Amino acid sequence: MNSGWGLRAGPWTSSQAPWNASFGGAGSGSGPLSGPWYSTHKTQLFGVLLAAASNFLISVSLNIQKCAHLRLACRAEPEPCYRSKLWCCGIALLGLAELGTFSAYALAPIALVAPLGSVSVIGSAFISVFFLKKTMRTADILGGTLTITGIYLLVTFAPSVPQELTARQVQNYLVSWPFLVYSILEILIFCILLYFYKRKAVKHIMVLLMMVALLASLTVIAVKAVSSMIALSVKGKMQLTYSIFYIMSILMATSCAFQVKFLNQAMHLYEATAVVPINFVLFTTSAIISGVIFYREFQSAALLSVFMFLFGCLLSFLGVIIIARNKKEEHLQIPFIDCGHIPGENLTGKIQPDSHCSCYGTLNKEDDLVKRQS
């Protein structure tokens, strides 16, 4: 009986040895993360965790800043936001989160770091429900489930490429013909959109956010190059003496500045419930395309892995759209202007007629008033 089990178990154990080794099974070491899979992917795994934590920290910092603004708005005498310790704490967390995202690009592929921005949307929903005591909606549960499932597929089927980029490699990528063709097409599309924006005064949300996405593709290329060269320099392989490092730094700062300009314009003209999902979809798509073309991240990927990765992106997009589009804007429900909050005024009555009155929106005895003034 024992020998029979042994004959049948022998081939099965042999065929499953790589899987067991990858997850710390037989012959893989003493711990669950000591196998060859972990040793090969530990840098990329750390980049994923750093990107996810940074995006969650971004949602925390933005909610802290929002709370600080609401507290300042309730005060009788308004104060600048930079005098609020709570607001300064939120800005400090935002800076720390952006630094973490910057570092994550040096550790993981662009195609994996960029879609993890959906974590900030889930984080905001989590904070609003558990800390701000808002109602959990069905759309939040559905959107969160789709987004988490998409993130799992993204991490599982993301491309595994070496993340140590030298200045020489960046120079070779910069003059490669696929990137040159991509750059020409991107410049042409951006110039056409900018023409309609400046000359024709077309400020449609898609025009603004497409320009943001085109600039973002250059930003993520430059961010990954700069962060990778800094990481190598810290390890002892000096890359800061190459001119390409400073060229990429200038490209990163310039594209990021114009990107913020157009994004602020979109936020000023349209509601955040429309801007956030569209910007996330366009930004993530452009970042993935730029990573594929410039850094050749899917060059040796299997067709099934590419399909599952794109399916994970689609689920993340749908989740973010469902969460953001069903989020209602908050409005202050005050039907009249209260002069009690105006500095220097003591009047606390209504200066606008009652909406239920027949003379709402008109002056009482308007003709008599005009005669007296004349």
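As the structure is a computational prediction, the values presented were derived from the model and not from experiment.
Judged purely by atom type and a 3.5 angstrom limit, Gln171 has no side-chain atom pairing as donor or acceptor with the backbone of Ile244. At distances below 3.5 Å, at least one donor-acceptor pair connects side-chain atoms of Gln239 with backbone N or O atoms of Ala167. With Thr284 contributing its side chain and Val281 its backbone, the two residues share no donor-acceptor pair below 3.5 Å. Looking at Ser290, its side chain does come within 3.5 Å of a backbone N or O of Ala287 through a donor-acceptor pair. Put simply, the side chain of Ser61 gets close to the backbone of Ile58: a donor and an acceptor are under 3.5 Å apart. Side chain of Tyr105 to main chain of Gly47: no donor-acceptor pair is present (N/O by atom type, distance under 3.5 Å, no hydrogens or angles). In this structure a side-chain-to-backbone donor-acceptor pair under 3.5 Å is missing from Thr254 to Leu251.
Nearest approach of Pro277 to Ala324, heavy atoms of both residues: CD-CB, 3.7 Å. Across Leu240 and Ser233, no two heavy atoms sit closer than the pair CG-OG, 3.5 Å. Closest of all the heavy-atom pairs between Ala158 and Gln44 is CB-NE2, 4.3 Å. A pairwise comparison of heavy atoms in Val113 and Ala104 identifies CG2-O, 3.8 Å as the closest pair. In terms of heavy-atom proximity, Glu297 sits nearest to Ala111 at OE1-N, 3.1 Å.
Going from atom NZ of Lys200 over to atom CG of Leu194 covers 14.0 Å, rounded to the nearest 0.5 Å. Distance check, rounded to the nearest 0.5 Å: CD1 of Ile221 to OG of Ser255 gives 9.5 Å. Atoms OG1 and CZ, from Thr219 and Phe258 in turn, are 11.5 Å apart once rounded to the nearest 0.5 Å. Atom CG of Leu146 and atom CD1 of Ile321 lie 10.5 Å apart (nearest 0.5 Å). Interatomic distance, Leu318 CG to Cys313 SG, rounded to the nearest 0.5 Å: 11.5 Å. Note that the OG1 atom of Thr147 and the CD1 atom of Ile122 stand 4.5 Å from one another [nearest 0.5 Å].
Under the ring-ring contact (aromatic ring centres under 6.0 Å, His included) criterion, Tyr197 pairs with Phe262, sequence neighbours left out. By the ring-ring contact (aromatic ring centres under 6.0 Å, His included) test, Phe245 pairs with no residue at all, sequence neighbours left out.
Each of Met248 and Ile250 belongs to its own hydrophobic cluster when Ile, Leu, Val, Met, Phe, Trp and Tyr are linked at side-chain heavy-atom distances under 4.5 angstrom. The hydrophobic cluster containing Met238 does not contain Leu232, counting ILVMFWY residues as joined when their side-chain heavy atoms lie under 4.5 angstrom apart, directly or transitively. Connection of Met229 to Leu174 is established within a shared hydrophobic cluster, with ILVMFWY side chains joined at heavy-atom distances below 4.5 Å, either directly or through further cluster members. Clustering ILVMFWY residues whenever any of their side-chain heavy atoms sit less than 4.5 angstrom apart, transitively, puts Ile278 in the very cluster that holds Phe196. Ile127 and Ile141 fall within a single hydrophobic cluster, where Ile, Leu, Val, Met, Phe, Trp and Tyr side chains are chained together by heavy-atom contacts under 4.5 Å.
Applying the ring pair (Phe, Tyr, Trp, His ring centres under 6.0 Å) definition to pairs two or more places apart or across chains, those involving residues 165-186 are Tyr173-Phe294, Tyr173-Tyr295, Phe179-Phe294. The stretch residues 109-129 participates, sequence neighbours left out, in these ring pair (Phe, Tyr, Trp, His ring centres under 6.0 Å) pairs: Phe126-Phe130. For the salt bridge (Lys or Arg N to Asp or Glu O under 4.0 Å) condition, the pairs that include at least one residue of residues 230-252, sequence neighbours left out, are Glu164-Lys235, Glu164-Lys237.
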>> Applying side chain to side chain contact (heavy atoms under 4.5 Å, CB included) to Ile151 and Ser118, what does each step give before you reach the verdict?
In response: CA-CA 8 Å; Ile151 291 174; Ser118 57; 3.5 Å; yes
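At least one side-chain heavy atom of Cys67 sits under 4.5 Å from a side-chain heavy atom of Leu86. For the pair Thr156/Met308, no side-chain contact is recorded, criterion being any heavy-atom separation below 4.5 Å from C-beta on. In this structure the side chain of Ser84 never reaches within 4.5 angstrom of the side chain of Arg71, judged on heavy atoms. Counting only heavy atoms from C-beta outward, the side chains of Tyr242 and Thr166 never approach each other to under 4.5 Å. The shortest distance between side-chain heavy atoms of Val121 and Ser59 does not fall below 4.5 Å. The closest side-chain heavy-atom distance from Leu94 to Gln65 is below 4.5 Å. Contact annotation: the side chain of Ile288 approaches that of Pro115 to within less than 4.5 Å [non-hydrogen atoms, C-beta and beyond]. Taking the side chain as every heavy atom from C-beta outward, Leu154 and Phe309 approach each other to under 4.5 Å.
When Leu165, Val223, Leu107 are each tested for a side chain to side chain contact (heavy atoms under 4.5 Å, CB included) with Ser228, only one passes: Leu165.
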Under 3.5 Å, sequence neighbours excluded: what are the donor-acceptor pairs made by side chains of residues 201-216?
from	atom 1	to	atom 2	distance (Å)
His204	ND1	Met206	N	3.1

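Checked against the 6.0 Å centroid threshold, Phe157 and Phe311 do not count as a close aromatic pair.
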